[in-house]
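Read the structure below first, then the notes.
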Amino acid sequence: MEDNRVSAFSSKIDDAKAGGLTPAERGQLQKSINNEQNKTVKSREQQLLNKANKQAPAKPKAPDPFATTHTFSSVNDAKNWANATKQQWLKDGYVNYTISSNGQGYYVLKFIK
């Protein structure tokens, strides 16, 4: 019974840490510990929370590779890259792209949402 309660608490911490444990989430978890009547469960849950507090926050999301422009030496290179990555940029919410010349002999690929 104690193991089940501690395991459930551990799952709550893991869920919260997935997005980075916020002060509000820590407070809620601490409140849950404070309300625990069983001293063994309370102690084990407190150890889990203390350990979670010491861990580094979750890594930030990788930057969107389609949010910035890409420069190519030919229109065909730009089209080929856009077509090769089409499934990913469509999945990321982009609907089309443009290719323009930058005045220095290069072609700029820009994705449009």
Side-chain angles (χ1 to χ4, degrees):
M1 178 83 171
E2 290 175 357
D3 286 342
N4 290 344
R5 295 203 334 242
V6 172
S7 180
F9 184 82
S10 180
S11 292
K12 285 183 190 177
I13 289 176
D14 290 342
D15 290 346
K17 282 194 312 190
L21 197 58
T22 67
E25 288 168 329
R26 277 193 186 107
Q28 285 295 99
L29 292 167
Q30 187 63 58
K31 186 177 179 182
S32 173
I33 292 170
N34 294 344
N35 291 334
E36 178 57 56
Q37 299 299 314
N38 183 304
K39 289 184 183 195
T40 303
V41 172
K42 188 174 197 166
S43 172
R44 290 172 63 189
E45 288 178 348
Q46 188 66 58
Q47 287 174 359
L48 287 170
L49 184 59
N50 291 347
K51 184 179 176 186
N53 285 340
K54 292 177 185 171
Q55 292 176 345
K59 290 184 179 180
K61 186 180 174 187
D64 180 354
F66 306 109
T68 59
T69 59
H70 299 273
T71 306
F72 296 88
S73 58
S74 73
V75 172
N76 276 343
D77 286 347
K79 283 182 181 179
N80 288 340
W81 194 79
N83 286 328
T85 59
K86 187 173 185 174
Q87 286 189 354
Q88 185 61 46
W89 54 262
L90 286 172
K91 184 177 137 192
D92 288 354
Y94 294 89
V95 294
N96 208 348
Y97 64 88
T98 61
I99 299 172
S100 58
S101 176
N102 69 358
Q104 297 173 341
Y106 293 100
Y107 298 90
V108 179
L109 173 65
K110 180 180 180 182
F111 292 93
I112 303 165
K113 280 200 171 190

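All values below were derived from every heavy atom in this structure, side-chain atoms included, with hydrogens, water molecules and symmetry-related copies excluded.
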**Study point:** Ion pair check, Glu36 and Arg5, cut-off under 4.0 Å
**Key:** yes

Review point. Would you say the side chains of Asn76 and Tyr107 form a donor-acceptor pair under 3.5 Å?
Key: no

Exercise for review: State the CD-CG distance between Gln46 and Leu29, to the nearest 0.5 angstrom.
Suggested key: 10.0 Å

Exercise for review: Output every pair passing salt bridge (Lys or Arg N to Asp or Glu O under 4.0 Å) with a member in residues 80-94, not counting sequence neighbours, ordered by first then second residue.
Suggested key: none

Check your understanding: Atom NZ of Lys42 and atom CD of Glu45: how far apart are they, to the nearest 0.5 Å?
Key -> 10.0 Å

**Study point:** Greater than 12 external heavy atoms within 6.0 Å of Lys39's NZ
**Key:** no

Check your understanding: Under 4.5 Å between any side-chain heavy atoms of Asp64 and Tyr94, yes or no?
Key -> yes

Point to revise | ILVMFWY network linking Phe72 to Val108, side-chain heavy atoms under 4.5 angstrom | key: no

Exercise for review: With the side chain counted from C-beta on, respond yes when Phe66 and Lys110 share a heavy-atom pair under 4.5 Å apart, and no when they do not.
Suggested key: no

Could you list the donor-acceptor pairs under 3.5 angstrom formed between side-chain atoms of residues 95-106 and any protein atom two or more places apart in sequence or on another chain?
| residue | atom | partner | partner atom | Å |
| --- | --- | --- | --- | --- |
| Asn102 | OD1 | Gln104 | N | 2.9 |
| Asn102 | OD1 | Tyr106 | N | 3.2 |

Review point. Does any non-hydrogen side-chain atom of Gln30 lie less than 4.5 Å from one of Leu49?
Key: yes

Practice item. Assess whether side-chain contact (heavy atoms from CB on, under 4.5 Å) is satisfied between Val41 and Phe9, documenting all intermediate values. Key: CA-CA 10 Å; Val41 172; Phe9 184 82; over 6 Å; no

Check your understanding: Does Gln88 offer a backbone N or O that forms a donor-acceptor pair with the side chain of Thr85 under 3.5 Å?
Key -> no

Point to revise | Gap separating the CG atom of Leu109 from the CG atom of Asp77, nearest 0.5 angstrom | key: 11.0 Å

Study note, to complete from the structure: CG (Asn80) and OG (Ser74) are apart, to the nearest 0.5 Å, by 7.5 Å

Practice item. Please check if atom CD in Gln87 has more than 12 non-hydrogen atoms from other residues, nucleotides or ligands closer than 6.0 Å. Key: no

